[in-house]
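In what follows, a structure is listed as structure tokens, so that the remarks can point back to it.
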2 protein chains.
Amino acid sequence: MGTTGAITDASLRAFVGYDMKRAFNALQADLSRTLTPFGLRMMTFSALSLVVENPGLRPSQLATVLTIERANLVVIVDELEQRGLLTRTPSTTDRRAHALHVTDQGQSLFAKANRAVAEHDARMIAGVAQHLQPQLKDALRQIENSAKQDVV
Amino acid sequence: MGTTGAITDASLRAFVGYDMKRAFNALQADLSRTLTPFGLRMMTFSALSLVVENPGLRPSQLATVLTIERANLVVIVDELEQRGLLTRTPSTTDRRAHALHVTDQGQSLFAKANRAVAEHDARMIAGVAQHLQPQLKDALRQIENSAKQDVV
DNA sequence: TATTGTTATACTCTATAACTATA
DNA sequence: TATAGTTATAGAGTATAACAATA
């Protein structure tokens with residue numbers, strides 16, 4: 001077919017998950033282009049941001065906040081450490097744990113990248129009516145909670 | 001530290017992209033659990049849905065609607081065909097092209113899976129005020145468009 | 001026993017390049 | 001020359017299992 005009628009995704013459009021998938025994929029691909037000049041990816045930028053905001057953070061805490069597994073965080077911290085953007089130092093109180101701190105270089109790169117990401121994010125949400133923007137964020141957080149508490 | 005104060009992701013929370021990532025990941029993980037009993041994944045379910053809704057669809061059209069590359073669609077159609085859920089027949093008008101049709105088995109499985117996905121989606125969006133639900137979908141589509149048209 | 005960091009492994013989704021056969 | 005389907009390959013994010021060191 002394709003000759004007779006127009007193609008439709010009306011059935012899938014009934015699902016908010018489908019709209020979320022499309023929106024997130026497009027946003028994520030575009031965000032990657034924004035972060036590439038800084039040598040960062042979505043997850044390395046996010047991790048860097050959290051260490052800037054929470055100096056001394058432990059990797060396990062970072063993984064929890066990012067809602068990813070500890071195992072997946074290791075390579076992210078490895079990469080940031082190897083690039084000299086943050087340091088991994090032994091904890092003074094718990095010899096199992098590490099403390100994460102940004103370096104001056106990491107702070108500087110983050111400041112620039114954060115500006116670019118803020119501008120990018122503003123462009124992404126610009127088409128949404130201003131009074132709906134906080135409601136959009138609330139709705140997304142509500143959906144996250146619904147998904148996590150869904151047992152069925 | 002982590003000993004003194006609570007951990008915060010306030011900076012990242014300023015970005016709608018961060019909320020979208022968290023919400024979508026949680027929803028997607030939960031949707032996977034919903035689809036596993038049917039032997040389907042998000043993309044195989046989506047492809048099946050579109051072939052049900054658009055019989056005779058060509059793979060290239062399917063890839064366009066799903067906003068993925070043709071190359072990535074091949075394995076999805078392979079899987080659905082090998083499981084006997086859809087057929088790939090040569091087009092009568094264009095010997096390069098194929099026409100996709102669901103089998104009876106595919107139709108039957110889709111009906112059940114679609115019901116489960118509909119229920120899942122309803123649970124996901126249940127916490128969002130009803131009058132905000134269409135506005136949420138509009139906002140997500142707007143963000144998708146903004147991301148695709150973003151050139152900077 | 002439980003937790004922290006770690007390694008290894010695999011799965012899903014995605015993107016790009018290049019090929020073939022047709023148009 | 002352009003398009004449809006395909007193959008191959010790689011990158012990014014995620015999940016699980018298992019381990020050593022430490023609590």
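Because the structure is predicted, anything quoted here is derived from the model rather than measured. Labels below follow one simple rule: chain letters A, B, ... track the order of the sequence lines, proteins then strands, and each chain is numbered from 1.
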Take atom [atom1] of [X] and atom [atom2] of [N], then tell me their distance rounded to the nearest Å.
X	N	atom1	atom2	value
Asp78(B)	dA8(D)	CG	P	11 Å
Asp30(A)	dT14(C)	CG	P	16 Å
Leu62(A)	dT4(C)	CG	P	13 Å
Leu40(A)	dG13(D)	CG	P	11 Å
Glu79(B)	dT6(D)	CD	P	15 Å
Glu69(B)	dT9(D)	CD	C1'	14 Å
Leu66(B)	dG5(D)	CG	P	13 Å
Phe24(B)	dG13(D)	CZ	P	14 Å

Given [N], is OP1 or OP2 found less than 4.0 Å from the side-chain N or O atoms of [X]?
X	N	value
Asn25(B)	dG13(D)	no
Lys21(B)	dA12(D)	no
Arg33(B)	dA15(D)	no

Leu35(A) and Ile125(A): same hydrophobic cluster, using ILVMFWY side-chain contacts below 4.5 Å?
yes
Do Met43(A) and Leu27(A) belong to the same hydrophobic cluster, where Ile, Leu, Val, Met, Phe, Trp and Tyr are linked whenever their side-chain heavy atoms lie under 4.5 Å apart, directly or via other members? yes
Practice task
May I ask you to check whether Tyr18(B) and Asp9(B) show a side-chain donor-acceptor distance below 3.5 Å?
Solution key: yes
Paired runs of 3 or more consecutive Watson-Crick or G-U pairs involving DNA chain C, with both pairing distances under 3.5 Å, are C:1-23 with D:1-23
Residues at least two apart in sequence or cross-chain that pass side-chain contact (heavy atoms from CB on, under 4.5 Å) with Thr64(B), listed by chain then number, are none
salt_bridge([X], [Y]) N-O dist < 4.0 Å:
X	Y	answer
Arg141(A)	Asp138(A)	no
Asp19(B)	Arg22(B)	no
Arg115(B)	Glu119(B)	no

Its contact letters, B for base, S for sugar-phosphate only and - for none at protein heavy atoms under 4.0 Å, make nucleotides 18-23 of chain C read ---BBS
Rounded to the nearest 0.5 angstrom, the CE-OG1 distance for Met124(A) and Thr34(A) is 7.0 Å
Pair Thr93(B), Ser91(B) - check side chain to side chain donor-acceptor pair (under 3.5 Å), show working. CA-CA 6 Å; Thr93(B) 56; Ser91(B) 164; 3.2 Å; yes
Whichever of Thr44(A) and Ala97(B) has the more 5' nearest nucleotide on DNA chain D, that residue is Ala97(B)
Mind listing the N/O atom pairs, protein and nucleotides 8-12 of chain C, below 3.5 Å?
none

Between Phe38(B) and Phe45(B), ring centroids under 6.0 Å
no
Per atom distances to the Ser60(B) side chain, the nearest of dG5(D), dG5(C), dC13(C) is dG5(D)
Closest to the side chain of Val74(A), out of dT7(C), dA4(D), dT14(D), is dT7(C)
Sorted by chain and residue number, the salt bridge (Lys or Arg N to Asp or Glu O under 4.0 Å) partners of Lys112(A) (sequence neighbours excluded) come out as none
Salt bridge (Lys or Arg N to Asp or Glu O under 4.0 Å) pairs touching residues 74-102 of chain A, sequence neighbours excluded, are Arg41(A)-Glu79(A), Asp78(A)-Arg88(A), Glu81(A)-Arg88(A), Asp94(A)-Arg96(A)
By nearest-heavy-atom nucleotide on DNA chain C, the more 5' of Val77(A) and Ala29(A) is Val77(A)
